[in-house]
Amino acid sequence: MAKRWKRGLLAGCLLLALGAGNAVADEETAAGNNNLAKMGRGLVNIATCFLEVPRCLIYRNSQVPVLGVIAGACEGAGMTGVRAFAGAADFLSVGFMGDSIYRIDPDFREWVWESPWVPRN
């Protein structure tokens with residue numbers, strides 16, 4: 001009887017500790033301080049860095065129809081490298097790098113799909 005009581009108490013304490021750990025993790029996620037999420041952002045940015053080329057092509061070509069293709073290709077190649085570097089830095093720093101690299105340019109956001117594809121008038 002005493003063993004069952006001790007096991008029940010231990011199981012209750014374990015569940016309480018797991019619940020408290022999840023609550024702390026939810027607060028960190030809401031605040032944007034989740035290192036695992038930043039590492040995931042790094043992997044996604046490495047995997048999607050090539051999308052900077054068509055994004056810049058579309059963006060620059062909508063500003064200057066013919067010459068924008070050349071400028072967009074050059075800018076896209078450069079931004080591909082920047083996004084790949086930012087992703088690698090996020091992943092290799094185990095999420096401790098922060099968000100400062102994503103605040104350098106308003107056209108360079110955390111994710112490639114958040115960056116502007118067409119200029120706003």
Considering all heavy atoms of both residues, which atom of [X] and which atom of [Y] are nearest to each other, and what is their separation?
X     : Y      : answer
Ala89 : Met97  : CB-SD, 3.2 Å
Cys56 : Gly72  : CB-O, 3.3 Å
Gly87 : Tyr102 : N-OH, 4.3 Å
Leu51 : Pro54  : O-CD, 3.3 Å

Taking [Y] as the starting point, is it possible to reach [X] by hopping between hydrophobic residues whose side chains are less than 4.5 Å apart?
X     : Y      : value
Val66 : Val64  : no
Val44 : Ile101 : no
Val94 : Leu92  : yes

| Backbone N/O of Arg109 and side chain of Ser115: donor-acceptor pair under 3.5 Å | yes
**Prompt:** If we only count heavy atoms from C-beta on, is the Phe50 to Arg83 side-chain gap below 4.5 Å?
**Reply:** no
| said: Side chains of Arg55 and Pro116, heavy atoms from C-beta outward: is any pair under 4.5 Å? | reply: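 In short, these two side chains touch, coming nearer than 4.5 Å.
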Short N-O contact, Asp90 and Lys38, less than 4.0 angstrom: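 So Asp90 does not pair with Lys38 through a salt bridge.
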Worksheet item: So, Asp99 and Arg41, do they make that salt bridge, N to O below 4.0 Å?
Response: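 Answer for the salt bridge query: yes.
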request  = Would you mind listing every ring-ring contact (aromatic ring centres under 6.0 Å, His included) that reaches into residues 52-98, with sequence neighbours excluded?
outcome  =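 Matches after skipping sequence neighbours: none remain.
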Members sharing Leu57's hydrophobic cluster, built from side-chain contacts under 4.5 Å between Ile, Leu, Val, Met, Phe, Trp and Tyr, are Val53, Val69
| task | Quick one: list whatever passes ring pair (Phe, Tyr, Trp, His ring centres under 6.0 Å) with Trp117, sequence neighbours left out. | result |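 If we apply the ring pair (Phe, Tyr, Trp, His ring centres under 6.0 Å) test to Trp117, skipping adjacent residues, there are no hits.
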Out of curiosity, Ile70 CD1 to Glu75 CD, how far, rounded to the nearest 0.5 Å?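 These two atoms lie 14.0 Å from each other.
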